[in-house]
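What follows is a short report on a single structure.
For clarity, every value in this text was computed on a predicted model and none was experimentally measured. Below, chain A is the first sequence line, B the second, and so on; all start at residue 1.
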Protein chains: 2
Amino acid sequence: MHRPPLKHCRVCGTAVAYRLPDDGDTKERAVCPACGTVHYDNPLNVVGTVPVWGAEGEQVLLCKRNIEPRWGKWTLPAGFMELGETTAEGAARETHEEAGAQFEMLGLFTVMNVVRVGQVHLYYRSRLLSTEFHPGHETIEARLFTESEIPWEEIAFKTVKETLACYFADRRKGRYDIHTLDID
Amino acid sequence: MHRPPLKHCRVCGTAVAYRLPDDGDTKERAVCPACGTVHYDNPLNVVGTVPVWGAEGEQVLLCKRNIEPRWGKWTLPAGFMELGETTAEGAARETHEEAGAQFEMLGLFTVMNVVRVGQVHLYYRSRLLSTEFHPGHETIEARLFTESEIPWEEIAFKTVKETLACYFADRRKGRYDIHTLDID
Ligand SMILES: [Zn+2]
Ligand SMILES: [Zn+2]
């Protein structure tokens, strides 16, 4: 999902110029000198779940990454939201793809801005219906962790670390809120 | 912010082919036969605020649209999130641009999926600090409405209607929650 800089018009292929468009816009955009198309680059949404197991949600499912970046590190199932799906549907799709888990979706849990990489991450809570996992090719291993077993130093992303910390804090309080966070 | 279909590679300008990429992806993407770039089209975020005035937030600021679509209809200040800003910063920027209002940002309020158009809309509550508005070129008029004055039949978008309905319902309850909705 890497986006190399836009150099050519998506409609006609002509080399673009970066300039202020003629419509009063105050930001430079890639404008096509041939067909006039104005190109916008916008933040992307990453969607995932916190899949939990146990009568009191005492275990969380993590996936060991089989892809770069952060190969071999642990993460919650998550990935880029696609056209044609809701945030919750995307989060469920990623959980199926990466963990091959059976689960039911619960509510929205974290909404995190990661401005540095132009992303918004949205995690939902989900309840596992079985402890059999069939991880896809992006995952080396999928397994359950209690809070004390979480490999905090081996978590792939800060968004995942923050979401896990929110989960265990809310679990102790006995109430799950929706958390909004800005990540450096 | 209209996105015409991608026909040419953003890197080299060669005409693309829509096909499954070679990396195990299960969706057809625009792939460049010359340089191999895979292009992804993803949902966009729209961010805005519910600016309120009065000791008990009894009035809401609406803007009469001076642009298509829905020229002349009323909306909450909102627009596409940009790179380099958080959802809250984007929502504040749009409120400045469209209403020229002075306000302080409050919490996240609605998160709405509009799958049909590939968008996620996020609204924050905000508290107006003055009743002087200096609307930008996208707005004909900015004014305050009590609940009974809201022109429900003249609201530009369903997301705005739903957000206003949530606002007045929560106001009656005396507690503001974060609402997640899917919009047809
Ligand atoms: Zn062009
Ligand atoms: Zn190319």
* With a 4.5 angstrom heavy-atom cut-off, which part of A/Val114 approaches chain B: side chain, backbone, both or neither? -> neither
* Please round to the nearest 0.5 Å and tell me the distance separating atom NE2 of A/His8 and atom SG of B/Cys12. => 6.5 Å
* Structure fact -> Okay, A/Asp41 and chain B: the region with an atom under 4.5 Å from a heavy atom over there is both
* Residue among B/His137, B/Lys27, B/Arg116, B/His39 with most heavy-atom pairs under 4.5 Å to chain A -> B/Lys27
* Structure fact -> Max heavy-atom pairs within cutoff under 4.5 Å with chain A, candidates B/Val16, B/Val115, B/Asn113, goes to B/Asn113
* Asked: Hey, does the side chain of A/Asn42 reach the backbone of B/Met81 with a donor-acceptor pair shorter than 3.5 angstrom?
  -> yes
* Structure fact -> The reported gap from CD1 in B/Ile67 to CG in A/Asp23 (rounded to nearest 0.5 angstrom) is 10.0 Å
* Asked: Is the shortest heavy-atom distance from the side chain of B/Arg93 to the side chain of A/Thr26 under 4.5 Å?
  -> no
* Structure fact -> So, the part of A/Thr87 with a heavy atom under 4.5 Å from chain B: the answer is both
* For A/Arg171, does the CZ atom have more than 12 heavy-atom neighbours from other residues, nucleotides or ligands under 6.0 Å away? -> yes
* Asked: Should A/Glu89 and B/Asp182 count as side-chain neighbours, where that means a heavy-atom distance under 4.5 Å?
  -> no
* To do: Return the minimal non-hydrogen interatomic distance between B/Pro4 and A/Thr37, and the atom names on each side.
  => CG-CG2, 4.1 Å
* Segment of A/Thr86 engaging chain B (4.5 angstrom heavy-atom cut-off) -> both
* **Interchain contact, A/Leu108 with chain B, by part (heavy-atom threshold 4.5 Å)** => side chain
* Hey, quick one: are A/Leu62 and A/Met112 part of the same hydrophobic cluster, counting side-chain heavy atoms closer than 4.5 Å, chains of contacts allowed? -> yes
* Asked: Just wondering, more than 12 heavy atoms not from A/Glu153 lying within 6.0 Å of its CD?
  -> no
* **Under 4.5 Å from a heavy atom of chain A, the part of B/Asp177 involved** => neither
* Pairs of heavy atoms under 4.5 Å with chain A: top-ranked of B/Glu138, B/Gln119, B/Lys7 -> B/Lys7
* Using non-hydrogen atoms and a 4.5 Å limit, figure out which bit of A/Val120 sits close to chain B: side chain, backbone, both or neither. => side chain
* Check the hydrophobic clustering (I, L, V, M, F, W, Y; side-chain heavy atoms under 4.5 Å; chains of links allowed) and say if A/Tyr123 and A/Phe80 are grouped together. => no
* Asked: Are there more than 12 heavy atoms of other residues, nucleotides or ligands under 6.0 Å from atom CD of B/Glu104?
  -> yes
